[in-house]
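The structure appears below as structure tokens.
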Amino acid sequence: MKIVLLGYMGSGKTTVGKALASELKLPFLDLDVFIEEKEKLSIGAIFKEKGEVYFRKKESNYLKDLISNEDFFVLALGGGTPCYANNMNVINNSNAKSFYLKGSIQTLVDRVLLEKAKRPLIAEINNEKLPEFIAKHLFERKNEYEKADVIISINHKTTEEVVKEISSNLS
Ligand code: S3P
């Protein structure tokens, strides 16, 4: 079984992914962590030293590697992964089942505020400007996110509730 979790920064892909993987006894893979290990640099350092275009190319290549070389996993993508290269087609043409963890602007702002620094795209944005930035960014990205097989609302839900909802959608 291959399960792919996608969604905006702060939507809980990693937290939910780890819990889901442990419940289903599947390996958990995190694309950002995989990139950091392969490149031997943090995501922040890759953006800073090599630029976003380099990051997007690597992200797409490593996604293809993981999807085609591994048979059993729960994979958490980066927030932007579905929106670059041909990545959403790669996911949809594989035998993975994809889930969009969908949050409202308010939910995402609240969550992202707790962990802003490690995210290069928002680290420099003032807290007061964050709701407007996320609203616009999400608007640009939502068409790709909504190509996921299943959309799960995460607002006011615990990790366990989201895990349950995903599990009940696995046939
Ligand atoms: C990004 C999200 C990040 C990481 C990179 C770019 C994005 O992943 O891949 O900073 O474009 O939304 P998380 O969603 O895990 O923070």
Side-chain angles (χ1 to χ4, degrees), residues 3-21 27-67 73-91 96 98-127 129-148 151-155 157 159 162-163 166:
I3 298 171
V4 173
L5 303 183
L6 58 101
Y8 199 74
M9 292 176 265
S11 59
K13 303 177 291 292
T14 301
T15 311
V16 167
K18 282 181 181 164
L20 181 68
F28 173 69
L29 303 172
D30 188 305
L31 185 58
D32 282 340
V33 172
F34 190 77
I35 296 170
E36 289 180 329
E37 285 171 2
K38 289 281 182 190
E39 296 291 306
K40 298 186 175 55
L41 281 175
S42 69
I43 299 293
I46 298 174
F47 268 73
K48 209 166 169 187
E49 293 172 23
K50 313 220 170 179
E52 184 172 353
V53 174
Y54 177 91
F55 173 78
R56 296 301 174 194
K57 282 186 187 157
K58 291 291 169 184
E59 178 181 50
S60 184
N61 290 342
Y62 290 133
L63 169 71
K64 286 178 194 142
D65 287 353
L66 286 177
I67 291 233
F73 58 74
V74 174
L75 171 65
L77 303 183
T81 317
C83 313
Y84 293 89
N86 201 22
N87 296 343
M88 214 48 218
N89 283 339
V90 169
I91 294 161
S98 56
F99 292 84
Y100 168 27
L101 306 188
K102 181 176 182 172
S104 67
I105 313 285
Q106 193 58 54
T107 299
L108 298 172
V109 169
D110 290 347
R111 294 199 189 179
V112 145
L113 275 175
L114 302 172
E115 282 191 331
K116 225 176 91 182
K118 65 168 196 183
R119 295 185 162 112
L121 292 178
I122 53 170
E124 308 294 325
I125 294 171
N126 289 339
N127 288 355
K129 296 251 168 83
L130 210 51
E132 193 194 335
F133 176 87
I134 292 182
K136 200 165 157 244
H137 210 191
L138 198 58
F139 180 72
E140 289 163 4
R141 290 179 163 189
K142 86 193 248 292
N143 280 350
E144 294 305 315
Y145 289 162
E146 287 176 356
K147 289 179 185 165
I151 300 177
I152 307 270
S153 168
I154 59 157
N155 298 323
K157 286 182 191 159
T159 301
V162 177
V163 166
I166 295 174

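Positions are given from 1 along the sequence. Predicted, not measured: the structure shown is a model, and the values here were computed from it. Read the numbers this way: they start at 1 and go in the same order the structure lists the ligands and their atoms.
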Are any of the N/O atoms in [X] less than 3.5 Å from those in ligand 1?
X      : value
Tyr8   : no
Arg119 : yes
Phe55  : no
Arg56  : yes
Gly80  : yes
Glu59  : no

Crowding at [atom1], [X] (>12 non-hydrogen neighbours, <6.0 Å):
X      : atom1 : value
Glu140 : CD    : yes
Glu132 : CD    : no
Lys157 : NZ    : yes

Can you report which non-hydrogen protein atom sits closest to [atom], along with the distance?
atom                    : value
atom 3 (C) of ligand 1  : Asp32 OD2, 3.6 Å
atom 12 (O) of ligand 1 : Arg141 NH1, 2.7 Å
atom 2 (C) of ligand 1  : Gly79 N, 3.3 Å
atom 5 (C) of ligand 1  : Ile43 CG2, 3.8 Å

Mind checking whether Leu31 contacts ligand 1 via backbone (N, CA, C, O), side chain (CB onward), both or neither, at a 4.0 Å heavy-atom cut-off?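 Neither part.
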With a 4.5 Å cut-off on side-chain heavy atoms, are [Y] and [X] touching?
X      : Y      : answer
Leu101 : Ile166 : yes
Leu63  : Glu59  : no
Leu77  : Ile91  : yes

Ionic contact status for Glu144 with Lys147, cut-off 4.0 Å: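 Salt bridge present between Lys147 and Glu144.
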Check each atom of ligand 1 against the heavy atoms of Pro120 and keep those under 4.0 Å away; list them by number with element.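 Going through ligand 1 atom by atom, the ones under 4.0 Å from Pro120 are 10 (O).
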Relative to the ring of Tyr62, is the ring of Phe34 parallel (under 30°), tilted (30 to 60°) or perpendicular (over 60°)? perpendicular
